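To keep things clear, I will list the structure first and then write my remarks on it.
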Amino acid sequence: MRPQQTSEPIDDRYVDVLRAIGLKFGADHVGIAPAGVMQRARDSLIVRKQAGLADSMQFTYRNPIRSTDPNAAVKGAQAMVVAARSYVLSEPDRPAGAIGSVARYAWVDHYEPLRIALKAIVERLRSDGFKAVAFADDNSVVDREAAWLAGLGWFGKNANILLPGSGSFFVLGSVITTAPLPVATAPVADGCGSCQRCIDGCPTAAIVAPGVVDAGRCLAWLLQRPGVFPRQFRAALGDRIYGCDECQIVCPPTVRFERKTSVNESKHIQAWVPLLDMLEASDDALIDSYGRWYLADRNPMWLRRNALIALGNVGDGTDVRVGAVLQRYLVDSEPMLRAHAVWAAAQLGCHHMLAFTDTDPIVIDELVAAAS
Ligand code: B12
Ligand code: SF4
Ligand code: SF4
């Protein structure tokens with residue numbers, strides 16, 4: 001089944017052993033992909049970057065040649081053991097009041113348990129004499145392409161990998177190894193057919209072609225991107241403060257598989273965030289609660305910016321506490337936050353709070369828009 005380090009292909013029973021380890025330690029699905037250059041992903045990264053569809057994203061776009069070559073990550077790579085872990089937990093009740101919503105993948109840290117499963121596979125491979133390194137949501141590997149090559153699922157028109165019978169609410173990761181493992185021979189057949197609910201359901205028309213997302217329109221990226229949140233997409237943002245699930249919620253094959261929520265998970269779930277609490281919290285408290293999310297420069301200002309927009313969409317302008325929070329942000333030392341507070345106040349009919357004395361260009365721009 002498994003000789004010590006060898007260049008001969010290893011048989012399927014060794015893959016079964018690795019799969020069993022992955023499943024035991026927290027993965028839900030495991031498959032094997034070849035470790036050659038991921039040419040389609042490389043071409044897509046380069047072409048989309050040139051076409052402006054990557055906006056200012058770095059991630060895998062920073063170095064497409066590296067992120068699509070498993071051999072650049074692990075010299076002599078022969079295979080990738082790709083794992084998927086479901087992130088569907090039972091949804092807690094939505095509290096009353098001005099509440100922000102968080103995308104499912106960020107309710108708790110799902111990458112940590114996935115990494116534990118990958119590390120267990122790494123340990124086994126290393127103990128058998130092979131090189132092996134785990135990557136999950138790391139910019140060294142294009143995870144979806146790896147999962148597709150491993151036969152775990154098909155590329156949906158919403159660009160996500162959908163697992164047959166379960167849909168796309170899965171996080172993905174890989175172990176790149178020098179073990180010559182037998183790889184998946186056939187991709188999973190397309191399961192979208194004539195459906196295009198995700199394309200029609202995207203609030204900002206960000207899915208510009210099947211499987212192609214324009215990051216500059218995608219709410220998930222706009223919430224992470226530093227800078228002024230584009231005005232034309234603020235109303236479409238609704239109550240979202242981190243991530244966007246819309247193109248998956250409308251997807252018929254998705255949400256069919258629910259993981260049993262552990263006691264630890266249910267204690268720490270962050271599905272709903274009281275916006276006023278977030279806007280009143282200190283930097284330290286925000287980093288403490290939300291520091292595991294992607295925040296540019298780990299700066300909690302971006303959380304506050306997002307919360308102000310959500311407040312402008314779902315808050316009550318006649319509520320005294322809402323008024324106090326808006327007043328506080330209209331005089332914040334950060335022009336970025338004053339600008340978004342102007343928008344939120346105008347949205348909530350609180351034009352009387354706006355003082356047209358600000359001299360910062362981005363705030364003036366918002367004041368002019370609010371007055372028109
Ligand atoms: C950059 C990034 C983003 C960006 C850009 C997303 C994008 N579509 O590229 C932003 C910030 C917008 C984002 C959002 C989200 N992301 Co993200 N993101 C990444 C990251 C870091 C790199 C992705 C990448 O390289 N994209 C490059 C482009 C070229 O890839 P692509 O769009 O997948 O393109 C492929 C398809 O177009 C396909 N293809 C080619 N021709 C055709 C033709 C047809 C007809 C079809 C259908 C497909 C197809 O081939 C292309 C190349 O592989 C990965 C982690 C990683 N290291 O891989 C996570 C990752 C892709 N994200 C993930 C998640 C969970 C999300 C969100 C669901 C989070 C959320 N709820 O807000 C959203 C989903 C948005 C969406 N519809 O894609 C998961 C995806 C899990 C899954 N089951 O697919 C990943 C893999 C993280 C992880 N390790 O789990 N993300
Ligand atoms: S994550 Fe949201 S904004 Fe982005 S493509 Fe999906 S539905 Fe559209
Ligand atoms: S909504 Fe329809 S088209 Fe979009 S990914 Fe799901 S099945 Fe495919």
Side-chain angles (χ1 to χ4, degrees), residues 15-33 59-60 70 79-92 102-125 132-156 158-177 181 184 188 191 220 242-245 247-249 251 253-271 292-294:
V15 172
D16 290 342
V17 170
L18 297 178
R19 181 175 292 115
I21 293 171
L23 299 184
K24 179 174 168 203
F25 285 91
D28 294 309
H29 298 268
V30 176
I32 311 294
F59 306 117
T60 47
M80 290 187 279
V81 185
V82 188
R85 177 177 162 95
S86 162
Y87 59 80
V88 180
L89 304 177
S90 36
E91 184 168 345
V102 178
R104 281 179 176 274
Y105 82 114
W107 287 2
V108 297
D109 185 354
H110 294 283
Y111 290 110
E112 194 194 322
L114 178 67
R115 287 191 185 105
I116 289 171
L118 294 172
K119 280 188 184 141
I121 294 172
V122 162
E123 271 168 32
R124 174 62 195 243
L125 284 162
V133 183
F135 299 92
D137 207 31
D138 177 293
N139 302 323
S140 312
V141 189
V142 179
D143 294 327
R144 286 170 172 161
E145 188 72 13
W148 182 80
L149 288 165
L152 289 187
W154 79 91
F155 264 104
N158 61 11
N160 288 292
I161 288 291
L162 282 91
L163 283 83
S166 311
S168 61
F169 282 143
F170 286 86
V171 286
L172 307 171
S174 304
V175 172
I176 302 182
T177 177
L181 304 171
V188 170
Y242 193 74
C244 170
D245 281 339
C247 56
Q248 299 185 90
I249 288 169
C251 174
T254 293
V255 201
R256 307 291 168 255
F257 175 85
E258 192 164 302
R259 150 184 307 290
K260 195 170 173 300
T261 309
S262 70
V263 177
N264 190 39
E265 283 170 333
S266 60
K267 256 198 268 167
H268 295 106
I269 277 188
Q270 292 170 310
R292 67 184 171 80
W293 294 352
Y294 174 85

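Along the sequence shown, the residues carry numbers beginning at 1. Given the structure is predicted, the values throughout are model-derived calculations rather than measurements.
Ring-plane geometry between Trp148 and Phe155 is classed as tilted, the angle between the planes lying from 30 to 60 degrees on a 0 to 90 degree scale. Note: Phe170 and His29 have perpendicular aromatic rings, judged against thresholds of 30 and 60 degrees for the angle between ring planes.
A distance of 11.5 Å separates CG in Leu181 from CE in Met80, rounded to the nearest 0.5 Å. With rounding to the nearest 0.5 Å, the separation of CD1 in Ile21 from CG in Leu118 is 12.0 Å. Taking CG of Leu152 as the reference point, atom CG of Asp143 lies at 11.0 Å (rounded to 0.5 Å).
Between Leu89 and His110 the shortest side-chain heavy-atom distance falls below 4.5 Å. When side chains are defined from C-beta on, Leu18 does not count as touching Val30, because their heavy atoms never get closer than 4.5 Å. In this structure, the side chains of Lys119 and Phe25 stay at 4.5 Å or more apart for every pair of heavy atoms. Residues Tyr87 and Tyr111 form no side-chain contact, since every pair of their non-hydrogen atoms from C-beta on lies 4.5 Å or further apart.
Although no hydrogens or angles enter the test, the distance criterion places a donor-acceptor pair under 3.5 Å between the side chain of Asn158 and the main chain of Cys247. Under the 3.5 Å distance criterion, the side-chain polar atoms of Arg115 are left unmatched by any main-chain donor or acceptor of Ala134. Judged by distance alone, the side chain of Asp245 and the main-chain N or O of Ala103 form no donor-acceptor pair under 3.5 Å. Arg144 contributes a side-chain N or O that, together with a main-chain N or O of Ala159, makes up a donor-acceptor pair within less than 3.5 Å.
Closest approach of Asn160 to Leu162, counting heavy atoms only: O-CD1, 3.5 Å. Contact detail for Leu163 and Ala84: the closest heavy-atom pair is CD2-CB, 4.1 Å. Residues Ala146 and Val82 share a closest heavy-atom pair of O-CG2, 3.7 Å. Considering all non-hydrogen atoms of both residues, Ile269 and Ser90 come closest at CD1-O, 4.1 Å. Closest heavy-atom contact between Arg292 and Asp109: NH1-N, 3.6 Å. Closest approach of Ala150 to Ala33, counting heavy atoms only: N-CB, 3.7 Å.
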- prompt: Could you walk me through whether Glu91 and Trp107 pass the side-chain contact (heavy atoms from CB on, under 4.5 Å) check?
  reply: CA-CA 10 Å; Glu91 184 168 345; Trp107 287 2; 3.7 Å; yes
message: Let's go through Thr254 and Gln248 carefully: what are the C-alpha distance in whole Å and the side-chain angles of both, what is the deciding distance for side chain to side chain donor-acceptor pair (under 3.5 Å) to 0.1 Å, and is it a yes or a no?
response: CA-CA 6 Å; Thr254 293; Gln248 299 185 90; 5.5 Å; no
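Of the options Val141, Val142, Val133, Ile176, a side-chain contact (heavy atoms from CB on, under 4.5 Å) to Pro70 is made by Ile176 and by none of the others.
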